[in-house]
There are 2 protein chains.
Amino acid sequence: MWIPIQLNEQSAEPMYHQIEVQLRALIVSGQLAEGTLLPSIRELAQTLKCSVITIRRVYQDLENEGLLRTKQGTGTYVAKVGDEMRDIHRRSSVIEALEAAVDAGVRVRCSDEEMMEMLRDILQRRRNANGT
Amino acid sequence: MWIPIQLNEQSAEPMYHQIEVQLRALIVSGQLAEGTLLPSIRELAQTLKCSVITIRRVYQDLENEGLLRTKQGTGTYVAKVGDEMRDIHRRSSVIEALEAAVDAGVRVRCSDEEMMEMLRDILQRRRNANGT
DNA sequence: TATACTGTATATATCTTTATACACAGTATA
DNA sequence: TATACTGTGTATAAAGATATATACAGTATA
């Protein structure tokens, strides 16, 4: 009943958002299986040293996205997400971010080749950093 | 003395930020040459239907980045930016956005190839959309 | 049915972001 | 030097984001 979420206190990114992003990724990438019972809002709040209301917000947001299913008095579970839906969710977060990058590129007159090369470089650099 | 800036009223993105992003791109991509006299803060404020203070903030932010040079009583000019500096500025906005996309990809276990393909698709789709 | 868990709803505190008004100060020039 | 432009500094309004406490309501089960 423990889930791997790490909060970065230094970051300007708000707690609720850090939690949402990480929990969404865990569900959508299949690391948390359908039907898994999540920690109660009080338990997770204690673990992450924040208020119950903050966790509540996260669970509610993800339920509105169809990723969680919640039942008062019982708990909050990972919802059944069709394979198609899961892949859409999974890819859309990445695609949205890439679209933003392309917007930035267009504004400064980056060629398509230049952008592809930039991405290649970034991926390569990370692979090396991890391999060390 | 007119510069092509378009505000999207619908967007949640604040005015000052929309203006900054577009003006920065114009300078850094060389579309506004060094020494160009920009519209006065009052003139641009009137054009964009916002307060003088909002424009002032934009000019000040970009001056702090070294992209503008301003002289009280005279006006605000595009600063001299070394070719290297310009290219760093130009590329960094795109690279930052791409890094964010890669972060998103890593979280949902996207392979490198998958990400490259996503970017290729987006670029292709845009090329077709514009070609029409 | 008592109790010890679940989630829920309302109301509010705090901080940050965004945008503004208005009085002030420098510069050019008729 | 009057005036009509430039940018500047201070102070503040308004809205939104973030996080919270506290009282309430449903569920399981000893």
Side-chain angles (χ1 to χ4, degrees), chain A residues 1-3 5-24 27 32 35-79, chain B residues 1-3 5-24 27 32 35-79:
Chain A
M1 185 83 99
W2 171 88
I3 53 178
I5 289 183
Q6 299 228 330
L7 287 187
N8 177 358
E9 300 285 347
Q10 315 311 322
S11 167
E13 189 187 359
M15 275 190 290
Y16 88 93
H17 196 253
Q18 293 188 39
I19 302 171
E20 273 192 22
V21 166
Q22 293 182 44
L23 186 49
R24 185 184 298 111
I27 296 169
L32 281 177
T36 303
L37 174 61
L38 295 184
S40 78
I41 58 180
R42 286 173 180 83
E43 185 182 347
L44 187 51
Q46 194 167 19
T47 303
L48 298 180
K49 297 183 206 315
C50 68
S51 150
V52 167
I53 289 84
T54 300
I55 304 299
R56 157 94 159 114
R57 172 176 180 175
V58 170
Y59 281 7
Q60 198 164 250
D61 287 351
L62 294 182
E63 179 169 27
N64 289 340
E65 293 178 20
L67 297 179
L68 294 181
R69 151 175 62 88
T70 187
K71 204 177 155 199
Q72 187 169 352
T74 301
T76 302
Y77 302 82
V78 176
Chain B
M1 186 82 99
W2 170 88
I3 52 178
I5 288 182
Q6 299 228 330
L7 287 188
N8 177 358
E9 301 285 346
Q10 315 311 323
S11 166
E13 189 187 0
M15 275 190 290
Y16 88 93
H17 197 253
Q18 294 187 39
I19 303 170
E20 272 192 21
V21 167
Q22 294 182 46
L23 186 50
R24 187 183 297 111
I27 296 169
L32 282 177
T36 304
L37 175 61
L38 296 183
S40 79
I41 57 179
R42 285 173 180 81
E43 185 183 347
L44 187 52
Q46 195 167 19
T47 303
L48 298 180
K49 298 185 205 315
C50 68
S51 151
V52 167
I53 288 86
T54 300
I55 304 300
R56 156 97 158 112
R57 171 175 182 176
V58 170
Y59 281 8
Q60 198 165 251
D61 287 350
L62 294 182
E63 180 168 26
N64 289 339
E65 294 178 21
L67 297 179
L68 294 180
R69 154 174 61 87
T70 187
K71 204 178 153 196
Q72 187 171 354
T74 300
T76 301
Y77 302 82
V78 175

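As a basis for the values below, the full set of heavy atoms in this structure was taken, side chains included, without hydrogen atoms, waters or symmetry mates. Just so you know, these numbers come straight off a predicted model, no measurement behind them. Naming: A, B, ... by sequence-line order, numbering from 1 per chain.
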Contact state string [nucleotides 1-12 of chain D, B base, S sugar-phosphate only, - no protein heavy atom under 4.0 Å]: -----BBBS---

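- Helical stems involving DNA chain D, defined as 3 or more consecutive Watson-Crick or G-U pairs under 3.5 Å, span C:1-30 with D:1-30.
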Chi angles and distances behind the side-chain contact (heavy atoms from CB on, under 4.5 Å) call for A:Leu23, A:Leu32: CA-CA 9 Å; A:Leu23 186 49; A:Leu32 281 177; 3.8 Å; yes

Can you name the atoms? Protein N/O to nucleotides 14-18 of chain D N/O, anything below 3.5 Å, with the distance.
residue	atom	partner	partner atom	Å
D:dT18	OP2	A:Tyr16	OH	2.7

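- Inter-residue side-chain proximity for A:Met15 and A:Leu7 is flagged as met; some heavy-atom pair is nearer than 4.5 Å.
- Across all non-hydrogen atoms, the minimal contact from A:Gln18 to A:Gln6 is OE1-O, 4.1 Å.
- Looking at heavy atoms from C-beta onward, B:Leu38 lies out of side-chain contact with B:Thr70 at the 4.5 angstrom threshold.
- If you measure from atom NZ of B:Lys49 to atom P of C:dT20, you get 13 Å, rounded to the nearest angstrom.
- The distance between atom CG of B:Leu37 and atom P of C:dT27, rounded to the nearest whole Å, is 16 Å.
- Proximity of A:Leu48 to A:Ile55: side-chain heavy atoms (C-beta onward) are separated by under 4.5 Å at one or more points.
- In this structure, the CG atom of A:Leu48 is 14 Å from the C1' atom of D:dA19, given to the nearest Å.
- Among residues at least two apart or in separate chains, salt bridge (charged side-chain N to carboxylate O under 4.0 Å, His left out) pairs with a member in residues 62-74 of chain B are B:Arg24-B:Glu65.
- Partners of B:Asn64 by side-chain contact (heavy atoms from CB on, under 4.5 Å), not counting sequence neighbours, listed by chain and number: B:Gln60.
- In this structure, B:His17 atom NE2 and C:dT16 atom C1' are separated by 15 Å, rounded to whole Å.
- Rounded to whole Å, atom C1' of D:dT27 lies 15 Å from atom CZ of A:Arg69.
- Counting heavy atoms from C-beta outward, A:Glu13 and A:Asn8 have side chains that stay 4.5 Å or more apart.
- The list of side chain to side chain donor-acceptor pair (under 3.5 Å) pairs with a residue in residues 36-53 of chain B, not counting sequence neighbours, is empty.
- Spacing between atom CD of A:Gln46 and atom P of C:dT6 amounts to 11 Å, rounded to whole angstrom units.
- Of the inter-residue distances, the one linking B:Leu44 atom CG with B:Arg56 atom CZ reads 14.5 Å to the nearest 0.5 angstrom.
- The salt bridge (Lys or Arg N to Asp or Glu O under 4.0 Å) search around A:Arg57 returns A:Asp61, not counting sequence neighbours.
- One interatomic measurement links the two molecules: CD1 of A:Ile55 to C1' of D:dT20, which rounds to 13 Å at whole-angstrom precision.
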